[in-house]
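First up is the structure itself, then whatever we jot down about it.
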Amino acid sequence: MSLSVAVILSEDIVMKYSIALLRGDGIGPEIVDSAVRVLEAVGKKYGHEFNFTPYDIGGIAIDKHGIPLPEETVEGCLKADSVLLGAVGGPKWDTLPGNVRPEKALLGIRAAMNLFTNLRPAKLYPALKGECPLREDIVERGFDIMIVRELTGGIYFGERGMREGRFGEEAYDTECYSRMEIERIVRVAFESARKRSKRLVSIDKANVLDTSRLWRKIVHEIAAEYPDVEVADMLVDNAAMQLVRNPAQFDVIVTTNMFGDILSDEASQITGSIGMLPSASLNETTRGLYEPIHGSAPDIAGQNKANPIATILSAAMMLLYSFNLKKESDAIVNAVDEVLLAGYRTADLAHGAEALSTTEITDKIIERI
Ligand code: IPM
Ligand code: MG
């Protein structure tokens with residue numbers, strides 16, 4: 001790993017970590033700034049130094065540089081120890097062609113950093129049980145799911161285009177997965193299952209798609225290397241239904257880029273709010289990219305109203321997965337738990353009752369670090 005030099009100060013070793021900040025658009029800057037403040041509090045308490053360097057991405061990069069992912073941003077991310085991202089996109093850039101849209105930058109940075117693994121944990125916080133839209137008996141069983149989403153392949157990156165077809169003008173996108181791409185993500189999922197409850201569900205559409213049939217075959221080949229992990233296949237349409245019928249049945253889920261995109265939004269809603277779900281995008285090194293799973297929420301941007309918890313929890317994932325700082329990561333997760341248990345809520349979870357602002361809930365979290 002490429003961590004910067006350790007400086008010896010009296011008895012203590014102060015570790016220095018460089019973090020590239022991609023604030024992006026909409027609520028991105030506000031929620032990233034909250035996570036930065038939380039990281040600074042962690043650094044102060046545990047004696048680490050986090051250095052932040054901002055780079056433009058998404059709509060703001062289009063405005064300033066004419067492209068959503070400037071070279072300087074890619075280089076900055078590749079030389080940092082890790083990357084924290086807010087969100088990209090907004091109505092201002094919605095009518096631009098596909099290859100210069102803000103979202104293209106997300107795909108670009110994922111590809112440039114080879115972030116083929118996307119971990120999206122979705123768990124029901126006891127304090128937020130009342131927010132879960134499911135029936136009470138389902139809520140009582142709770143759930144704690146780790147979605148392992150393939151992130152640099154599939155239909156997001158397949159051959160695409162426009163052409164003249166049988167019915168005239170047509171557009172196409174293709175789903176393509178190589179054995180190598182499937183094997184490496186499936187292995188990550190088995191490893192993750194091994195560290196959790198040893199149950200893995202692989203989600204595909206093998207009754208229709210060839211890519212899914214190859215996926216399923218490889219899952220079973222690799223399963224032989226993990227006899228201690230119980231693995232089951234599930235079709236994606238059934239999985240969408242099972243997630244709301246009985247989410248407690250899932251522990252680790254592994255799936256393709258697009259199925260993972262869709263199912264993780266569904267999973268986030270049953271935790272109470274999409275404002276709660278963090279994510280880690282990883283490659284084979286320790287340099288990862290951490291971002292909330294939600295978007296840039298342009299309707300509430302700049303109003304100090306957004307829920308920063310998904311981004312703060314993404315920073316906690318960075319401490320764990322990139323820097324191996326478990327107790328520091330736990331300190332953030334526990335502080336969030338305590339704040340929720342104490343009844344503090346941002347507007348997305350307040351049902352019109354009085355809510356804390358982005359900065360206020362961040363302060364509450366920092367007080368508990
Ligand atoms: C996500 C988002 C992105 C995706 C979009 C904004 C490109 O929905 O991270 O889930 O589809 O991967
Ligand atoms: Mg999504």
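Quick note: numbers below take in every heavy atom, side chains included, and nothing from hydrogens, waters or symmetry partners. Whatever order the structure lists them in is the order used to number ligands and atoms, beginning at 1. Everything quoted here is computed from the prediction, not taken from an experiment.
- For ligand 1, the polar-atom distance check against Y156 finds a nitrogen or oxygen pair separated by under 3.5 Å.
- Residue contacts with ligand 1 include R120, since one or more of its heavy atoms lies under 4.0 Å from the ligand.
- Geometrically, R163 engages Y172 in a cation-pi contact defined by less than 6.0 Å to the ring centre and at most 45° from the axis.
- Environment of NZ in K129: crowded, with over 12 heavy atoms of neighbouring residues, nucleotides or ligands closer than 6.0 Å.
- At a 4.0 Å cut-off, at least one heavy atom of R149 sits close enough to ligand 1 to count as contact.
- Side-chain atoms of S322 and Y17 include no donor-acceptor pair closer than 3.5 Å.
- Relative orientation of the Y177 and W215 rings is perpendicular, given thresholds of 30° and 60° on the angle between their planes.
- For D261, the N, O or S atom closest to the Mg ion (ligand 2) goes by the atom name OD1.
- Nearest protein heavy-atom contact of atom 8 (O) of ligand 1 is D261 OD1, 3.2 Å.
- Tested against Y156 for a side chain to side chain donor-acceptor pair (under 3.5 Å), the candidates T256, D261, N257 yield a single pass: D261.
- Summary of contacts: the protein heavy atom closest to atom 5 (C) of ligand 1 is L106 CD1, 4.2 Å.
- Residue-ligand proximity: R110 is placed with a non-hydrogen atom under 4.0 Å from ligand 1.
- Taking CD of E131 as the reference point, atom CG of D348 lies at 8.5 Å (rounded to 0.5 Å).
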